[in-house]
Structures are given as C-alpha cells and as structure tokens.
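Following: one structure in structure tokens, then a few remarks.
Index from 1, following the sequence.
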Amino acid sequence: MGGSRDWIRRAACGGLDADVFYPVASGPDAYGEAELVCRDCPVRAMCLEYALDNDERYGMWGGMDPEERRRLKRLDMRRRRMRAYRRGNGVI
C-alpha cells in the first residue's frame, strides 16, 4: 500500500463518531453499526489492508472486528507455512 493514506478521505466512516468503531460494550452486536457503515464503503479493502499491515488490534477496520482480523492472520500464516512446506523450504 505504500505510505499513502489518501484512501481515508473516501472512507464511509469519515466524520462519524469513533465510538461506533471502537465500542465500549462487547458481545455479538457491539460492532453492528460499524458493520453497516463498512459494508458498502468504497475503500473497505484498503482499510483492511492497512489494519493488517499495521497490526491494528482494536476497533473495526475494513469491515472486520479484532477477532475476525486475528483469524484472518492465522489463516494466512497457515497458508504460508503450507506453501513453504510444499516447496521444501520450511517445516510446519
């Protein structure tokens, strides 16, 4: 993504209260409002990429809450390990 964050100006969340994306409450509906905002955001993929690249551990980024991003990162790590193993360059 480089260093540019110009995509932020086009984000659907611009101008909204940060509490929507960083809720104090927990539970299955904690990020409900944020999910609705992110669903049709034109820069959702760039936002998620930014969060993953910068190890954002809190809040809704790219339509994914912290736990969803952790699962995605674990899945990506498993895939990388399997590719390395198949090439003979690594051990699982």
Minimum heavy-atom distance [X]-[Y], with the two atoms named:
{"X": "Arg69", "Y": "Trp61", "answer": "NH1-N, 3.4 Å"}
{"X": "Cys41", "Y": "Ala11", "answer": "SG-CA, 3.9 Å"}
{"X": "Pro66", "Y": "Gly59", "answer": "CD-O, 3.5 Å"}

Quiz item: Got a salt bridge between Glu67 and Arg74, using NZ or NE/NH1/NH2 to carboxylate O under 4.0 Å?
Solution: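 Looking at Arg74 together with Glu67, the answer is yes, because their closest N to O distance falls below 4.0 Å.
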Quiz item: Salt-bridged, Arg57 to Asp55, with N to O below 4.0 Å?
Solution: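 So Arg57 pairs with Asp55 through a salt bridge.
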Please round to the nearest 0.5 Å and tell me the distance separating atom [atom1] of [X] and atom [atom2] of [Y].
{"X": "Leu52", "Y": "Asp76", "atom1": "CG", "atom2": "CG", "result": "8.5 Å"}
{"X": "Arg44", "Y": "Asp40", "atom1": "CZ", "atom2": "CG", "result": "8.5 Å"}
{"X": "Met60", "Y": "Glu33", "atom1": "CE", "atom2": "CD", "result": "10.5 Å"}
{"X": "Tyr31", "Y": "Met64", "atom1": "OH", "atom2": "CE", "result": "12.5 Å"}
{"X": "Met77", "Y": "Leu75", "atom1": "CE", "atom2": "CG", "result": "11.5 Å"}
{"X": "Cys47", "Y": "Arg10", "atom1": "SG", "atom2": "CZ", "result": "12.0 Å"}

Quiz item: Got a donor-acceptor contact below 3.5 angstrom from the Asp65 side chain to the Glu68 backbone?
Solution: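 Looks like yes, one N/O pair under 3.5 Å.
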Quiz item: Does Asn54 reach the main-chain N or O of Tyr50 with its side chain, forming a donor-acceptor pair under 3.5 Å?
Solution: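 Answer holds: yes.
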Quiz prompt | Verify same cluster id: Tyr22, Leu16 (apolar side-chain graph, 4.5 Å) | solution =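 Yes, it is one cluster - the side chains of Tyr22 and Leu16 are joined through contacts under 4.5 Å.
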Quiz item: Are Tyr58 and Ile8 connected in the hydrophobic side-chain network, where two residues link if heavy atoms are under 4.5 Å apart?
Solution: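 They do share one cluster, since a chain of ILVMFWY contacts under 4.5 Å joins Tyr58 to Ile8.
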Exercise. Tell me, with the steps shown, if Asp19 and Val24 meet side-chain contact (heavy atoms from CB on, under 4.5 Å).
Key: CA-CA 8 Å; Asp19 289 344; Val24 175; 5.7 Å; no
Quiz item: Can you find a heavy atom in the side chain of Cys38 that is under 4.5 Å from one in the side chain of Phe21?
Solution: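 They are in contact (side-chain heavy atoms under 4.5 Å apart), so the answer is yes.
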